[in-house]
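These notes concern the structure reproduced below.
Because only heavy atoms are used, hydrogens play no part in the values below, and waters and symmetry mates are left out as well, while side chains stay in. All of these numbers come straight from a predicted model, not from anything done at the bench.
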Amino acid sequence: MRNLSRSPLLACLLMTAGGSASAQSLSKVERQLAAHADAHVAEARSLLERAVNINSGTMNFEGVRRVGDLFRSELDALGFATRWEDGSAFERAGHLLGERGTRGPTVLLIGHLDTVFERDSPFQRYEMVAEDTARGPGVIDMKGGDVVMIQALKALAAAGLVDRLTIRVVFCGDEEDTGEPKSLARQALIQAARGADVALGFEDADGSPERIVVARRGTTYWTLQVTGTPAHSSLIFRDEIGPGAIYEAARILNDFRERMTGEAYLTFSPGLMLGGTAAELGQEHDRGTASGKDNVVAGRVIVTGDLRTLSIEQREQAKATMRAIVADSLPHTSAEMTFEDGYPPMALTEGNTRLLELYDRVSRDLGSGPVTAVDPSRAGAADVSFVAGIVPAIIDGLGLKGRDDHTVRETADLATLPLQIKRAAVLLARLATSR
């Protein structure tokens, strides 16, 4: 990770964020940014409605590209150099990339184009349910955040500040169901992160405008396979037979619970268990088959689950503990555990904390009150995690607020749309004038 003291921008953050959060008021140009957001609310809502009404379930490649085209035209109009990164190498639609400027701090802006609602979902259209409330697929996760980003850039351009930053934009097309291998699926994002001073994610965080994400837990998937000695049930526990595979699997899982419960931000959950005389896991690891009889000692068990951690160090220590428990086999049993890392953790860093303090000051100066950090245990995985350890200052959750994302009740609080645009625009303006 880049040393904070070696980055002029972050050195400035260290100084400016250290004072009173209410010590600064809006400058003339920042008031202009806020006024632009208010004056273009109808435009922002229209863009959001158009984006939501295009189905872009992750596996609807055509739909994902259409949403990409919509936002690409917005970036093109702002003078960005844009391109589409084809996703065939990782079996997804691809990503929209944009870049503008060569001066000032380098800022990476992260969004995504896809939703969890595929073409066969009954939830397809944008619907106004009250004056400031809209329901629709992806309205907050995260097409609303994408619109916040675009509109903040428009305000910045209108104020003549956009050329004071080097801006890189990445809209991933597969955040909800990441392509494989992840090394290819997130290659463009990681490349865009190199050399960036700041990364801003436009997810919706926990739905509250009073909170922002400075740390996210990563996900690791694990598979436990246990073998016992099959025999007639009347022989179980004898010296030559042992307890069988199901008792050994139960011993392992209970030891996980007893030895690992209570550590902050660490969770480990078995989600699927198959056992009997025979057991086989399906290719997608979300189902399988098992067979056996009441009077037979089980010969095989398969368990799958996930592990969530806040740092790479915590993740590796948890893996080591689980492997040690698995290796301490009961008589006449054996077990093997494998891990597959998914989204990496985004640990709390000094840079993230300082960036939160700067965002908090922006919010207070706008008259919108304080902003605090989301508890990492309530922050799920997101694309911003892939740039942790590369970009020294990261926050996420700058997007449109609402509730019930990933469900057919997904609803946006449209009253927060101009607020979030103002916050993002003023934050970018302060970054632009920090050197």
Do the side chains of [X] and [Y] get close enough for a salt bridge, i.e. N-O under 4.0 angstrom?
| X | Y | value |
| --- | --- | --- |
| Glu74 | Lys154 | yes |
| Asp360 | Arg364 | yes |
| Arg403 | Asp405 | no |
| Asp341 | Lys182 | no |
| Arg354 | Glu357 | yes |
| Lys401 | Asp206 | no |

For the pair [X] (side chain) and [Y] (backbone), establish whether a donor and an acceptor sit closer than 3.5 Å, ignoring hydrogens and angles.
| X | Y | result |
| --- | --- | --- |
| Glu118 | Met59 | yes |
| Asp404 | Thr407 | no |
| Glu410 | Val139 | yes |
| Lys143 | Ala51 | yes |
| Gln420 | Leu398 | yes |
| Thr411 | Arg409 | yes |
| Thr261 | Arg257 | yes |
| Thr133 | Val129 | no |
| Asn55 | Gly57 | yes |
| Gln314 | Leu310 | yes |

Can you see whether [X] engages [Y] through a side-chain donor-acceptor pair at a distance of less than 3.5 angstrom?
| X | Y | answer |
| --- | --- | --- |
| Gln187 | Glu85 | no |
| Asp86 | His95 | no |
| His406 | Asp141 | yes |
| Thr267 | Arg217 | yes |
| Arg119 | Gln124 | no |
| Asn352 | Thr349 | yes |
| Thr82 | Arg72 | yes |
| Arg211 | Thr372 | no |
| Asp114 | Ser56 | no |

What heavy-atom pair brings [X] and [Y] nearest, and what distance separates the two atoms?
| X | Y | result |
| --- | --- | --- |
| Ser368 | Leu419 | OG-CD1, 2.9 Å |
| Gly369 | Ser363 | O-OG, 2.6 Å |
| Ile312 | Pro345 | N-CG, 3.5 Å |
| Gly63 | Ile54 | O-CG2, 3.7 Å |
| Ala373 | Val214 | CB-CG2, 3.7 Å |

Query raised in the report: For Glu43, does the CD atom sit with more than 12 other heavy atoms under 6.0 Å from it, leaving out its own atoms?
Result: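 Yes, because the 6.0 Å sphere around CD of Glu43 holds more than 12 heavy atoms from other groups.
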Query raised in the report: Does atom CD of Glu258 have more than 12 heavy-atom neighbours, drawn from other residues, nucleotides or ligands, at distances under 6.0 Å?
Result: yes
Tell me, do [X] and [Y] make a side-chain contact under 4.5 Å, heavy atoms counted?
| X | Y | answer |
| --- | --- | --- |
| Thr58 | Thr178 | no |
| His40 | His36 | yes |
| Pro392 | Asp197 | no |
| Asp174 | Arg186 | yes |
| Arg135 | Phe123 | yes |
| Asp396 | Leu200 | no |
| Val326 | Leu224 | yes |
| Met273 | Ile302 | no |

Query raised in the report: Less than 6.0 Å separating the ring centroids of Phe386 and Tyr343?
Result: yes
**Report entry** Sole candidate of Trp84, Phe80, Phe71 that passes ring-ring contact (aromatic ring centres under 6.0 Å, His included) when paired with Phe171
**Finding:** Phe71
Query raised in the report: Does the pair Thr416 and Asp413 meet the rule for a side-chain hydrogen bond (donor to acceptor under 3.5 Å, both in side chains), with working shown?
Result: CA-CA 6 Å; Thr416 67; Asp413 178 2; 4.8 Å; no
**Report entry** Pairs satisfying side chain to side chain donor-acceptor pair (under 3.5 Å), at least one member in residues 155-165, at least two apart
**Finding:**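 Qualifying pairs, neighbours excluded: Arg100-Asp163.
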**Report entry** Step-by-step salt bridge (charged side-chain N to carboxylate O under 4.0 Å, His left out) determination, Asp383 to Arg216
**Finding:** CA-CA 10 Å; Asp383 280 334; Arg216 288 188 180 276; over 6 Å; no
